[in-house]
Every structure is written in structure tokens, then in C-alpha cells.
**Q** 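To start, I am sharing the structure in question, which I have written as C-alpha cells.
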Amino acid sequence: MPAMLIDEPLGIACVFSNGRRAEFSLDGLLNPRLARDLVCGLAELVHPHGTVDAAGSVMHYVSSSRHMVRTLASRGFTGGVGQLSRGMLAEYWMGTSMGRERRTLALEMAYRPGGVLATKIHLKHIVVATTEGYSSRPGGAQAELLAEVNKLEGDRNLDLVLTEFRNYQRGILPSGPGARSPTEFFASIDAKLEPMTAPAPKTQRSDRDVLNLLAKRARTLHLGPVNYCWFTDPSRALCLKLAGTPTADRPLIWMCDSARCPQATHHSCHRPVWAERATRTETFIGQLGATRKTERTRLQGDYDRALRVVAEIDAASTTVSEELA
């Protein structure tokens with residue numbers, strides 16, 4: 001049985017290879033968003049997903065997570081893992097112990113796109129698998145690693161889709177060219193959960209039931225550095241059209257133009273990246289000479305697009321902000 005995230009109160013429930021069970025709490029911290037992200041990363045490192053297979057080892061990770069959340073919260077940080085800058089991480093790790101640095105680095109990496117594999121590389125968990133790959137031996141640890149990485153990425157995507165569904169229920173909507181499709185999908189799921197519109201025997205209430213309803217859509221989710229890609233229809237993917245591979249079964253996420261692709265969406269977790277891009281582009285424009293008109297025009301287009309994306313993300317979140325105000 002895999003480690004399971006507990007939302008209320010925030011924590012993690014583990015079942016180890018020897019059959020023993022244990023639960024650990026990260027409730028009561030000043031930044032529950034970062035705490036939840038770290039717990040999600042920890043769930044991917046614990047047996048059977050990863051090599052952490054003892055209550056004492058999990059407790060070390062939990063303790064390190066608590067320390068990281070408290071330290072960053074004391075410096076005014078209120079975001080999640082996706083909003084952590086390199087400077088913040090460097091400042092934190094330089095002021096902590098080597099063991100705590102290693103554990104929080106593993107948690108932080110495990111939560112990011114592609115981070116599961118990166119974590120295993122960093123922690124030397126894939127030496128045998130890569131050796132098999134170089135020697136072209138099929139199966140074995142190489143195939144097991146690939147299956148494990150795919151499973152963990154699937155679990156991560158399911159958790160992200162559930163988070164976005166909960167955001168939808170709170171009035172925080174996706175933005176971007178592809179926002180309509182997931183919004184309509186979330187509306188259909190929400191309708192199935194509504195007691196007034198669903199027959200009582202079929203009403204779904206628990207997170208597990210909701211996850212079952214979201215599972216199919218989660219399999220279409222691909223994470224980019226500045227957007228989510230809902231790869232439901234390859235024929236509509238802008239990246240495949242540009243690459244001339246319209247029948248591919250996966251998007252070319254590194255080619256994604258998320259401001260134009262009809263399957264791309266932007267969410268609040270992407271806002272800092274777009275805001276930083278706008279700031280840097282504005283700086284570059286200010287440094288151009290009067291004769292560099294072509295480059296100025298190109299950069300001005302990038303700047304306007306970044307500002308538009310930020311404005312759309314803010315507009316999609318105004319409902320909750322106004323209610324809180």
C-alpha cells in the first residue's frame with residue numbers, strides 16, 4: 001500500500017515493507033501550502049514508491065520539512081514549492097545542516113516536473129538501471145525504474161488535478177487558451193457531486209471517489225515550466241503542428257507556446273514565472289539602443305504577452321480574492 005496524503009489534519013500515512021504502519025502530522029504550520037507540497041514529495045520517496053522504509057527515516061523528513069516551512073515562513077514566504085526561487089533555497093540550505101539539506105532537497109525535487117527521476121539520480125538510486133541501459137539489456141531494473149517513474153508521475157498528476165478541481169470549487173479558475181475544456185470538465189464533476197442533481201446512491205463525497213472521477217483527465221496532464229498541457233487531442237496540439245508530427249502520442253512540452261496553444265492553461269502557480277519574465281523583458285527593452293528596432297519589436301511582443309498572461313491569471317482568481325477582502 002503506498003503512502004497516502006492526509007488533508008485534515010495535514011499529514012502522511014505510511015505502510016512499510018514489514019507491515020508496520022505509522023502516521024505523521026505537519027498540521028499547524030504557518031504556510032500549509034508549502035507543507036502540503038513537501039508532504040506530496042515525501043509520499044513519492046516512501047515505500048513502495050521509494051527507498052524510505054522506516055518510521056524513523058520518515059520522521060527525519062517530517063522534522064526537516066517542519067523546519068523548512070517555519071524558517072521560510074519567518075522570512076515572509078507564503079507560496080508553494082513552485083514559487084521557491086533559487087536564492088531562497090540557497091539561503092535556507094546554507095544556514096542548515098547537511099542532513100537537513102539533503103532531505104529537503106529530495107522533497108523539493110520530487111514534487112517538481114520530472115523531479116522524481118532527478119531525485120533518484122541525485123540520491124544514486126538508479127546506478128544499476130542506467131548501467132543496464134548502457135549495455136542495452138532489456139527488462140530488469142531499467143524497466144522497473146521506468147515503470148516506477150511513470151507510476152509516480154501519474155500519482156503526482158492526479159494530485160495536481162484534484163488541487164485544481166478544489167480550486168474550481170473555490171472559484172479559482174484556470175486561464176489561457178485551453179481554460180474552457182478543464183473548466184467544463186470540473187463543472188461536470190462538480191455536478192455529479194451535488195446532492196440536488198445526483199441520485200443519492202451515486203453521490204460521490206470522499207477524495208477517493210473524486211479521484212476516480214478525475215483519473216482519466218489526469219492521464220492527459222503534462223507539466224511545463226510555465227503552464228499545464230491537457231493533451232486530450234493530438235490534432236489540436238500547436239507543438240506537434242509546428243514540429244510536423246501530428247500523430248505523436250505525447251506533446252513536445254519544451255516547444256510549447258502556451259499563450260497560443262488551445263490545450264494549454266495557466267494557473268496561480270505559474271504567475272511568478274510570467275511576472276519575472278515580464279520584468280526581465282522590460283529591463284532588456286530599456287537597455288536597447290535606438291537603432292535596434294527589430295529586436296525591440298520582438299521583445300515588446302514578449303513583454304505584452306507576459307503581462308497579458310499575468311492579468312488573465314489574476315482575473316481568474318478575483319472571485320476568491322474579493323470574497324476574502
**Q** Are M59 and L29 grouped together when hydrophobic residues (ILVMFWY) are joined by side-chain heavy atoms under 4.5 angstrom apart?
**A** yes

**Q** Can you name the side-chain contact (heavy atoms from CB on, under 4.5 Å) partners of R250, sequence neighbours left out?
**A** H222

**Q** Are the charged groups of R156 and D159 less than 4.0 angstrom apart, N to O?
**A** no

**Q** Taking R260 for the side chain and P177 for the main chain, is one N or O donor matched with an acceptor at less than 3.5 Å?
**A** no

**Q** Between T291 and R296, is there a side-chain heavy-atom distance shorter than 4.5 Å?
**A** no

**Q** Between V309 and R277, is there a side-chain heavy-atom distance shorter than 4.5 Å?
**A** no

**Q** Go through the structure and list residues passing salt bridge (Lys or Arg N to Asp or Glu O under 4.0 Å) with R180, not counting sequence neighbours.
**A** E184

**Q** With side chains defined as the heavy atoms from C-beta onward, is the minimum distance between R36 and L5 less than 4.5 Å?
**A** yes

**Q** Hydrophobic cluster membership, with links at side-chain heavy-atom distances under 4.5 Å among I/L/V/M/F/W/Y: are M255 and F231 in one?
**A** yes

**Q** Can you sort out the partners of R70 under salt bridge (Lys or Arg N to Asp or Glu O under 4.0 Å), two or more places apart, ordered by chain and number?
**A** none

**Q** Name every donor-acceptor pair, under 3.5 Å, that has one atom in a side chain of residues 234-242 and the other anywhere in the protein, sequence neighbours excluded.
**A**
residue: S235; atom: OG; partner: D233; partner atom: OD1; Å: 2.6
residue: S235; atom: OG; partner: D233; partner atom: OD2; Å: 3.1

**Q** Answer yes or no: is there a donor N or O on one side and an acceptor on the other, between the side chain of H270 and the main chain of H267, under 3.5 Å?
**A** yes

**Q** How many angstroms lie between CG in D302 and CZ in R298, if you round to the nearest 0.5 Å?
**A** 6.0 Å

**Q** Between I6 and I12, is any pair of side-chain heavy atoms under 4.5 Å apart?
**A** no

**Q** Using the side-chain contact (heavy atoms from CB on, under 4.5 Å) criterion, which residues pair with S17? Sequence neighbours excluded.
**A** H47, D53

**Q** Got V46 and F24 here, is their nearest side-chain heavy-atom distance under 4.5 Å?
**A** no

**Q** Side chains of Y228 and C269, heavy atoms from C-beta outward: is any pair under 4.5 Å?
**A** yes

**Q** Is it true that a side-chain atom of N157 and a backbone atom of L221 form a donor plus acceptor pair closer than 3.5 Å?
**A** yes

**Q** Just wondering, do S63 and M68 contact through their side chains at under 4.5 Å, heavy atoms?
**A** no

**Q** List the steps and the verdict of side chain to side chain contact (heavy atoms under 4.5 Å, CB included) for R292 and T297.
**A** CA-CA 9 Å; R292 303 177 68 178; T297 300; over 6 Å; no

**Q** With distance as the sole test, does S181 use its side chain to make a donor-acceptor pair with the main-chain N or O of G178 at under 3.5 Å?
**A** no

**Q** Rounded at 0.5 Å granularity, tell me how far CD in E295 sits from CD in Q300.
**A** 12.5 Å

**Q** Only counting residues at least two apart or in another chain, list the ones meeting salt bridge (Lys or Arg N to Asp or Glu O under 4.0 Å) with E276.
**A** R280

**Q** Residues two or more places apart in sequence or in another chain: which of them pass salt bridge (Lys or Arg N to Asp or Glu O under 4.0 Å) with R271?
**A** D314

**Q** Can you tell me how far CG of N167 sits from CG of L173, rounded to the nearest 0.5 angstrom?
**A** 9.0 Å

**Q** Please determine which of L72, L26, V39 meets the side chain to side chain contact (heavy atoms under 4.5 Å, CB included) test together with L34.
**A** L72

**Q** Are L160 and E164 close enough that some pair of their side-chain heavy atoms sits under 4.5 Å apart?
**A** no

**Q** Only counting residues at least two apart or in another chain, list the ones meeting side-chain contact (heavy atoms from CB on, under 4.5 Å) with N18.
**A** F16, R20

**Q** Share the residues that join Y303 in a hydrophobic cluster, the rule being Ile, Leu, Val, Met, Phe, Trp or Tyr side chains under 4.5 Å apart at the heavy-atom level.
**A** F284, I285, L288, L299, L307

**Q** To the nearest 0.5 Å, how far apart are CD1 in I313 and CD1 in I172?
**A** 12.0 Å

**Q** Checking the side chain of T183 only, and the main-chain atoms of A179 only, is there a donor and an acceptor separated by less than 3.5 Å?
**A** yes

**Q** Using the ring-ring contact (aromatic ring centres under 6.0 Å, His included) criterion, which residues pair with H266? Sequence neighbours excluded.
**A** W274

**Q** So, using side-chain contact (heavy atoms from CB on, under 4.5 Å) as the criterion, who are the partners of S268 when residues are at least two apart?
**A** R33

**Q** Taking the side chain from T220 and the backbone from K216, do they hold a donor-acceptor pair closer than 3.5 Å?
**A** no

**Q** Give, for atom CD of E23 and atom CZ of R21, the distance between the pair rounded to the nearest 0.5 Å.
**A** 9.5 Å

**Q** Salt bridge (Lys or Arg N to Asp or Glu O under 4.0 Å), that's the test. Do R166 and D7 meet it? Break it down for me.
**A** CA-CA 12 Å; R166 295 306 186 197; D7 282 314; over 6 Å; no

**Q** Can you name the ring-ring contact (aromatic ring centres under 6.0 Å, His included) partners of F165, sequence neighbours left out?
**A** F186

**Q** Quick one: CZ on F185 to CG on L214, what's the gap to the nearest 0.5 Å?
**A** 5.0 Å

